[in-house]
Colleague: 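Encoded as structure tokens, here's the structure I'll be asking about.
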Amino acid sequence: MLRKLLSHAAIYGLAAQVPRLAGVLALPFITQYLTPNDYGVAGVITAYYSALVMLQSLGFTVVMDNSFARHPDRFQWIWRQLYGFLTSWSLIYGLLCMGIIYLAVPPDAHENRLHIALLVGAPMLFFVVSDLFGGMYCLHAQRPLPVALRSFLMGGVNVVLTVYFITGLKMG
């Protein structure tokens, strides 16, 4: 049991850290193409995004945890109801976040604020709920590899696209 716990913890931990390490290693390549304004815009958008993420699941992760543990034969029905509600909520939430991000973009990046708002809000509209439920199920079913693989792949794609758009396309 202890060995299983340690191996799962190692898988979750390492899969999340490898893309971060790749991001740190990419910094020398992308830093020369970024201006102080680029860093400022990124900082403001990250701050607003981090504040808005709190409303993402509306606290239903606790209901999901409890239903999985206390009603193993009925949790699928409960999760189905939550999935429908949170899918509807993600539409409202994503559009709300896009609007807030659109208004929060600093004046230095006003010509790109629609693109910034769409790039930040589109994943909230389409992927957040599936990611939440898939990750929660794999966590409770004690299957760390799908979560770790997803984390590793998405982190890697993020780093590659960041380097490509900043160094290759000079988009800052």
Side-chain angles (χ1 to χ4, degrees), residues 7-61 64 83 86-87 89-139 143-172:
S7 68
H8 286 194
I11 291 170
Y12 283 123
L14 290 176
Q17 299 310 319
V18 171
R20 289 183 184 165
L21 177 64
V24 169
L25 294 176
L27 281 176
F29 299 110
I30 63 174
T31 303
Q32 57 191 338
Y33 296 100
L34 297 174
T35 66
N37 288 339
D38 294 333
Y39 284 111
V41 170
V44 168
I45 299 306
T46 302
Y48 275 93
Y49 176 79
S50 299
L52 292 168
V53 164
M54 294 185 312
L55 299 173
Q56 181 176 332
S57 67
L58 295 174
F60 282 122
T61 54
M64 292 170 65
Y83 186 81
L86 287 176
T87 300
W89 164 245
S90 73
L91 178 66
I92 297 165
Y93 171 72
L95 293 173
L96 179 72
C97 289
M98 278 194 245
I100 291 171
I101 296 293
Y102 182 83
L103 295 173
V105 171
D108 298 336
H110 270 260
E111 67 274 358
N112 295 320
R113 66 183 177 173
L114 180 62
H115 294 106
I116 293 169
L118 289 173
L119 287 171
V120 171
M124 293 178 188
L125 282 170
F126 301 113
F127 305 118
V128 166
V129 177
S130 297
D131 183 43
L132 173 69
F133 278 82
M136 187 72 72
Y137 178 75
C138 289
L139 178 70
R143 295 178 47 202
L145 287 178
V147 176
L149 183 63
R150 182 225 165 263
S151 175
F152 179 76
L153 288 175
M154 297 316 297
V157 167
N158 186 12
V159 169
V160 167
L161 289 177
T162 299
V163 170
Y164 173 69
F165 282 115
I166 292 174
T167 62
L169 299 179
K170 312 276 191 278
M171 292 181 82

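Since the structure is predicted, the reported quantities are computational estimates derived from the model, not experimental observations.
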Colleague: I'd like to know if the side chain of Thr46 reaches the main chain of Gly43, judged simply by a donor and an acceptor atom lying under 3.5 Å from each other, with no hydrogens or angles considered.
Modeller: no
Colleague: List the atom pairs, with distances to 0.1 Å, where a side-chain N or O of residues 129-139 and a protein N or O form a donor-acceptor pair under 3.5 Å, not counting sequence neighbours.
Modeller:
unit_1 : atom_1 : unit_2 : atom_2 : d
Ser130 : OG     : Tyr83  : OH     : 3.4
Asp131 : OD1    : Arg150 : NE     : 2.9

Colleague: Ignoring hydrogens, what is the shortest heavy-atom contact between Ala26 and Val159? Give both atom names and the distance.
Modeller: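 Heavy atoms only, the tightest pair is CB-CG1, 4.2 Å.
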Colleague: Write out all pairs satisfying salt bridge (Lys or Arg N to Asp or Glu O under 4.0 Å) with one or both partners inside residues 98-107, taking only residues at least two apart or from two chains.
Modeller: none
Colleague: So, for Gln32 and Pro28, which heavy atoms are closest and what is the spacing to 0.1 Å?
Modeller: NE2-O, 4.1 Å
Colleague: Can you tell me how far apart CG (Asp38) and OG1 (Thr31) are? Round to the nearest 0.5 Å.
Modeller: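 It is 11.0 Å, given to the nearest 0.5 Å.
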Colleague: NE2 of His110 to CD1 of Ile116: how many Å apart, nearest 0.5 Å?
Modeller: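 So the NE2 of His110 and the CD1 of Ile116 are separated by 9.5 Å.
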Colleague: Check the pair Val105, Val44 against side chain to side chain contact (heavy atoms under 4.5 Å, CB included), reporting the backbone distance first and the verdict last.
Modeller: CA-CA 7 Å; Val105 171; Val44 168; over 6 Å; no
Colleague: CG of Asp108 to OG1 of Thr35: how many Å apart, nearest 0.5 Å?
Modeller: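 Asp108 atom CG to Thr35 atom OG1 measures 8.0 Å (nearest 0.5 Å).
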Colleague: Could you check if a side-chain atom of Met98 sits within less than 4.5 angstrom of a side-chain atom of Leu118, using non-hydrogen atoms only?
Modeller: yes
Colleague: According to salt bridge (Lys or Arg N to Asp or Glu O under 4.0 Å), does anything in residues 93-106 pair up with another residue at least two apart or in another chain? List the pairs.
Modeller: none
Colleague: Measuring only between side-chain heavy atoms, which start at C-beta, is Val163 closer than 4.5 Å to Ile30?
Modeller: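 Yes, close enough: below the 4.5 Å cut-off.
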Colleague: What pair of heavy atoms forms the shortest contact from Phe29 to Thr167, and how long is it?
Modeller: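 So the two residues come closest at O-CG2, 3.4 Å.
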Colleague: About how many Å separate CG of Leu95 and OG of Ser90, when rounded to the nearest 0.5 Å?
Modeller: 9.0 Å
Colleague: Would a 4.5 Å heavy-atom cut-off, applied to side chains only, mark Val41 and Asn112 as touching?
Modeller: no
Colleague: Test your reading of the model: is there a side-chain donor-acceptor pair from Tyr49 to the backbone of Cys97, 3.5 Å cut-off?
Modeller: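 Checked: no pair found.
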Colleague: Is the shortest heavy-atom distance from the side chain of Tyr93 to the side chain of Leu86 under 4.5 Å?
Modeller: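 A side-chain contact under 4.5 Å is absent here.
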Colleague: Can you tell me how far the OG1 atom of Thr87 sits from the CG atom of Leu91, to the nearest 0.5 Å?
Modeller: 10.0 Å
Colleague: Rounded to the nearest 0.5 Å, what separates atom CZ in Arg113 from atom NE2 in His115?
Modeller: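 It comes to 13.0 Å.
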Colleague: Around Tyr39, counting heavy atoms of other residues, nucleotides and ligands shown, do more than 12 lie under 6.0 Å from its OH?
Modeller: yes
Colleague: Counting heavy atoms not belonging to Phe60, are there more than 12 under 6.0 Å from its CZ?
Modeller: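 Atom CZ in Phe60 is crowded, with more than 12 foreign heavy atoms closer than 6.0 Å.
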